[in-house]
S.K.: 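Let me give you the structure first, and then I'll get to my questions.
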Amino acid sequence: MLSRVVAIHDISCVGKCSLTIALPVLSAAGIECSVLPTAILSTHTGGFSGYTFHDLTGEMEPIARHWESLHLPVDAFYTGYLGSLGQTETVRHLIRRLKKEDTLTLVDPAMADNGRLYAGFDGTFVKGMAALCREADVVLPNLTEAALLLEEPFRENPSREEVQALLRRLSTLGPKKIILTGVSYGPGKIGAAAYDRESGEFCEYLDERVEGSFHGTGDLFSSAVLAALLNRRSLPQSLAIAARFVLQAIRNTVANGTDRRYGVDFEHAIPGFIREVLPNT
Ligand code: PXL
């Protein structure tokens with residue numbers, strides 16, 4: 001049966017990320033993606049100057065009320081980039097009201113990378129995002145976001161033991177599954193590590209590191225992990241499927257030689273992703 005995800009992210013009109021990634025990736029994986037846009041920007045905030053930003057907080061509550069009146073069944077909430085501190089509260093309450101016992105909540109605390117908060121965010125926003133993470137079943141931070149959520153200093157290349165300790169500490173915030181991205185235990189490799197608090201198991205998937213920074217890959221990875229989990233792939237399988245999809249998109253982008261600010265060429269990696277996430281097609 002078709003699952004319905006409600007994706008709560010911004011619309012960056014240009015520069016593939018957030019909803020312009022969540023929608024095509026989830027749809028390709030056979031999942032209905034309903035949207036709750038948090039803000040509309042002319043481009044994302046990571047590389048273009050002069051971008052516009054229109055906050056949509058005022059629309060969120062009326063939309064949620066209408067959905068409540070429809071008794072809209074939601075299989076998963078998927079939150080990403082939120083526009084303001086107030087929105088972390090709005091989203092937290094909205095999910096509480098609309099979720100059922102078996103609804104999955106995946107929070108990607110999209111707020112920082114490479115040791116730095118994204119433009120426009122501060123320490124109070126981090127606290128709001130940490131409160132939202134406490135409501136989640138699955139959280140998916142990168143190393144920078146993990147340090148911020150735990151109020152610890154950022155460390156660039158933690159060892160496997162340090163990563164596992166970090167995963168355990170993150171699980172004490174509340175979520176059952178923690179997936180940490182940007183993990184690398186040596187030169188030339190990068191990937192993700194995860195911890196399932198219920199089974200007590202750790203897993204990881206590392207693959208080739210392509211040098212450089214590629215915009216939107218965090219959103220691509222999160223969307224692909226959610227797509228895999230909803231297609232009943234295990235946590236280790238979901239990490240592997242998502243990481244290979246992101247790597248292929250990065251390889252395509254390098255081969256094309258396009259301006260990295262416009263995002264990665266994930267479109268040509270979709271057929272391979274579908275073969276892995278929907279193996280019977
Ligand atoms: O990819 C994360 C993201 C999402 N949305 C907006 C962003 C960013 C990262 O910079 O600026 C608007």
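Every number for a ligand or one of its atoms is a count from 1 in the order of the listing. The structure presented is a predicted model; accordingly, all values stated were derived computationally and were not measured.
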S.K.: Should the ring pair Phe121 and Tyr81 be called parallel, tilted or perpendicular, given that the plane angle runs from 0 to 90° and is split at 30 and 60?
M.R.: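 Geometry flag for Tyr81 against Phe121: tilted rings.
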S.K.: Can you confirm whether the side chains of Ser12 and Tyr51 place a donor and an acceptor under 3.5 Å from each other?
M.R.: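 No, because no side-chain N or O of Ser12 sits under 3.5 Å from a partner of the opposite role on Tyr51.
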S.K.: In the protein, what heavy atom is nearest to atom 5 (N) of ligand 1, and what distance, to one decimal place, separates them?
M.R.: Asp10 OD1, 2.8 Å
S.K.: Using a strict cut-off of 4.0 Å, indicate which atoms of ligand 1 neighbour a heavy atom of Cys17.
M.R.: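 The atoms of ligand 1 under 4.0 Å from a heavy atom of Cys17 are 1 (O), 4 (C), 5 (N).
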S.K.: Check this for me: does any side-chain nitrogen of one of Glu68 and Arg65 sit under 4.0 Å from a carboxylate oxygen of the other?
M.R.: no
S.K.: Students should be able to answer this: which protein heavy-atom is nearest to atom 1 (O) of ligand 1, and at what distance?
M.R.: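 The closest heavy atom on the protein side is Asp219 OD2, 2.7 Å.
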S.K.: Would you confirm whether Thr144, through its side chain, and Gly115, through its main-chain N or O, come within 3.5 Å as a donor-acceptor pair?
M.R.: yes
S.K.: Here's a test for you: under side-chain hydrogen bond (donor to acceptor under 3.5 Å, both in side chains), which of Thr217, Thr181, Thr79, Asp108 qualifies with Ser222?
M.R.: Asp108
S.K.: Among protein heavy atoms, which lies nearest atom 10 (O) of ligand 1, and at what distance?
M.R.: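 The closest heavy atom on the protein side is His215 CE1, 3.4 Å.
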S.K.: Does some non-hydrogen atom of Ala110 fall short of 4.0 Å from ligand 1?
M.R.: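 The answer is no, since Ala110 has no heavy atom less than 4.0 Å from ligand 1.
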S.K.: In a check of side-chain contact (heavy atoms from CB on, under 4.5 Å) between Asp265 and each of Asn256, Ile250, Thr258, Val254, which one passes?
M.R.: Asn256
S.K.: Look at atom 3 (C) of ligand 1 and say which protein heavy atom is nearest, naming residue and atom and giving the distance to 0.1 Å.
M.R.: Tyr81 CD1, 3.8 Å
S.K.: Heavy-atom pairs closer than 4.0 Å: do any link ligand 1 to the side chain of Thr45, the backbone, both, or neither?
M.R.: both
S.K.: Indicate, as side chain, backbone, both or neither, the part of Ser18 found under 4.0 angstrom from ligand 1 when only non-hydrogen atoms are considered.
M.R.: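 It is the side chain that touches ligand 1; the backbone stays farther off.
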S.K.: What about Phe266 and Phe221, are their ring centers closer than 6.0 Å?
M.R.: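 Ring-ring flag for Phe266/Phe221: false, centres at least 6.0 Å apart.
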S.K.: Side chain, backbone, both or neither: which applies to Leu41 and ligand 1 if a contact is any heavy-atom pair less than 4.0 Å apart?
M.R.: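 Side chain only.
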